[in-house]
Amino acid sequence: MKIGIVGGTGGMGEGFAMRWCVKHDVIVGSREAQKAKEAAANYMNAAKQAYGPNVNIAGSITGDDNISLAKQSDVLILSIPYEFIEDTCGRLASEVRPDCIVVSPIVPMTRTDNGFVYIPLEQSKKTAGEWVADKMSPRSRIVSAFHTISEMKLKNVALSLDADTFICGDDANAVAKLSELASEVTGLRPVYLGPLSLTYQAEVLTPMLLNAAKRNKMKNPGVKLT
């Protein structure tokens, strides 16, 4: 499988690239292809060192510009800020293959004097998942996931995440494929919440986690249902 990560030079891109390269070809993206290629080379070297000689890395990590990788991807992860959805998804919509699964881990949030807040509740704006679906039809290929994962834990391949990720999507096959991919990350359990219209239930957990972590001095918290 080819997994493209738009905005893949950040922490989430690094973590997923190192986790998924064992079985898949991961393409990390940036607006500048050279920046993406340099990041990909660093991630690949880090993955080889982290896994050591006992783990056969059957996949790869390469880099390209966001538009080029979108044309190649079977699964496309949008690791971008909420305010970039309009521009980025508008550019990518016509480039993505019809059978490509588009994943939104995007969280609409901002920081106020009281702490982190969820933008749709405060400003009557759209959830990230719904906005992505509006820009990158058909809606059936959009899946919302990976909102509450700790980037620090994700990048440390020796660690089990010991966490759940909540998935929303309208198409059962797209949800099933993404759930299988999520399950390949050690200690990450996919939990289906329902259709994409419920994505706010997953997105809103991130500002809650950040506020709890700051006020209670917690490091890299996650969510796990028991």
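For the single chain, residues carry numbers from 1 onward in sequence order.
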* Asked: Can you tell me if W20 uses its side chain to pair, donor with acceptor, with the backbone of A182 under 3.5 Å?
  -> no
* Could you tell me whether K224 atom NZ has more than 12 heavy atoms of other residues or ligands within 6.0 Å of it? => yes
* **Cationic N near anionic O, under 4.0 Å, K2 to D74** => no
* In terms of hydrophobic clustering (I, L, V, M, F, W, Y; side-chain heavy atoms under 4.5 Å; direct or indirect links), are I3 and V175 co-clustered? -> yes
* **From I85 atom CD1 to S104 atom OG, the distance as rounded to the nearest 0.5 Å** => 6.0 Å
* Side-chain donor or acceptor of N220 paired with backbone N/O of S150 under 3.5 Å -> no
* Would the number of heavy atoms belonging to other residues, nucleotides or ligands and lying under 6.0 Å from CZ of R91 be above 12? -> no
* Only counting residues at least two apart or in another chain, list the ones meeting side-chain hydrogen bond (donor to acceptor under 3.5 Å, both in side chains) with E86. => W131, K135
* Would you find a donor on one side and an acceptor on the other, under 3.5 Å apart, between the side chain of R97 and the backbone of Q72? -> yes
* Asked: Any side-chain heavy atom of L205 within less than 4.5 Å of one from Y200?
  -> no
* Side-chain donor or acceptor of Y51 paired with backbone N/O of M18 under 3.5 Å -> yes
* To do: Following the transitive rule for hydrophobic clusters with a side-chain heavy-atom cut-off under 4.5 Å over Ile, Leu, Val, Met, Phe, Trp and Tyr, establish whether V223 and L188 coincide in one cluster.
  => no
* Asked: Are Q201 and F166 side-chain neighbours, meaning at least one heavy-atom pair lies under 4.5 Å?
  -> no
* **Y43-I57 co-clustered via ILVMFWY side chain contacts under 4.5 Å** => yes
* Asked: Between N216 and M218, is there a donor-acceptor pair closer than 3.5 Å when you use the side chain of the first and the backbone of the second?
  -> no
* Hey, is CD on E180 packed in by over 12 heavy atoms from elsewhere, all under 6.0 Å? -> no
* Asked: Under a 4.5 Å side-chain heavy-atom rule over Ile, Leu, Val, Met, Phe, Trp and Tyr, are V103 and Y192 clustered together?
  -> yes
* Can you tell me if S30 uses its side chain to pair, donor with acceptor, with the backbone of A36 under 3.5 Å? -> no
* Take F16 and F146 through the test ring-ring contact (aromatic ring centres under 6.0 Å, His included) and record every step on the way to the result. => CA-CA 10 Å; F16 277 132; F146 306 133; 4.8 Å; yes
* To do: In plain terms, say whether R31 and D65 are close enough for a salt bridge, that is, a side-chain N and a carboxylate O under 4.0 Å apart.
  => no
* Contact check, side chains of L78 and L76, non-hydrogen atoms, under 4.5 Å -> yes
* Using modelled atom types only, decide if a donor and an acceptor are shared between the side chain of S137 and the backbone of R139 within a distance under 3.5 Å. => no
* So, D64 side chain and A33 main chain: donor-acceptor pair closer than 3.5 Å or not? -> no
* Asked: Hey, does the side chain of T206 reach the backbone of H147 with a donor-acceptor pair shorter than 3.5 angstrom?
  -> yes
* Asked: Please walk me through it: do T62 and K37 pass side chain to side chain contact (heavy atoms under 4.5 Å, CB included)?
  -> CA-CA 6 Å; T62 57; K37 291 176 181 178; over 6 Å; no
* Asked: Cluster question for you: counting only ILVMFWY and a side-chain heavy-atom cut-off of under 4.5 Å, with indirect links fine, are I77 and M1 together?
  -> yes
* Carboxylate-amine/guanidinium contact D99 R141, below 4.0 Å -> no
* Got L210 and M109 here, is their nearest side-chain heavy-atom distance under 4.5 Å? -> yes
* Look at the side chain of T127 and the backbone N and O of E130, then say whether any donor-acceptor pair between them is shorter than 3.5 Å. => yes
* Can you name the residues that form a side-chain hydrogen bond (donor to acceptor under 3.5 Å, both in side chains) with E14, not counting sequence neighbours? -> none
* Structure fact -> Value for CD (Q34) from CD (E38), rounded to nearest 0.5 Å, stands at 4.5 Å
* Residues in side-chain hydrogen bond (donor to acceptor under 3.5 Å, both in side chains) with D25, at least two apart? -> S60
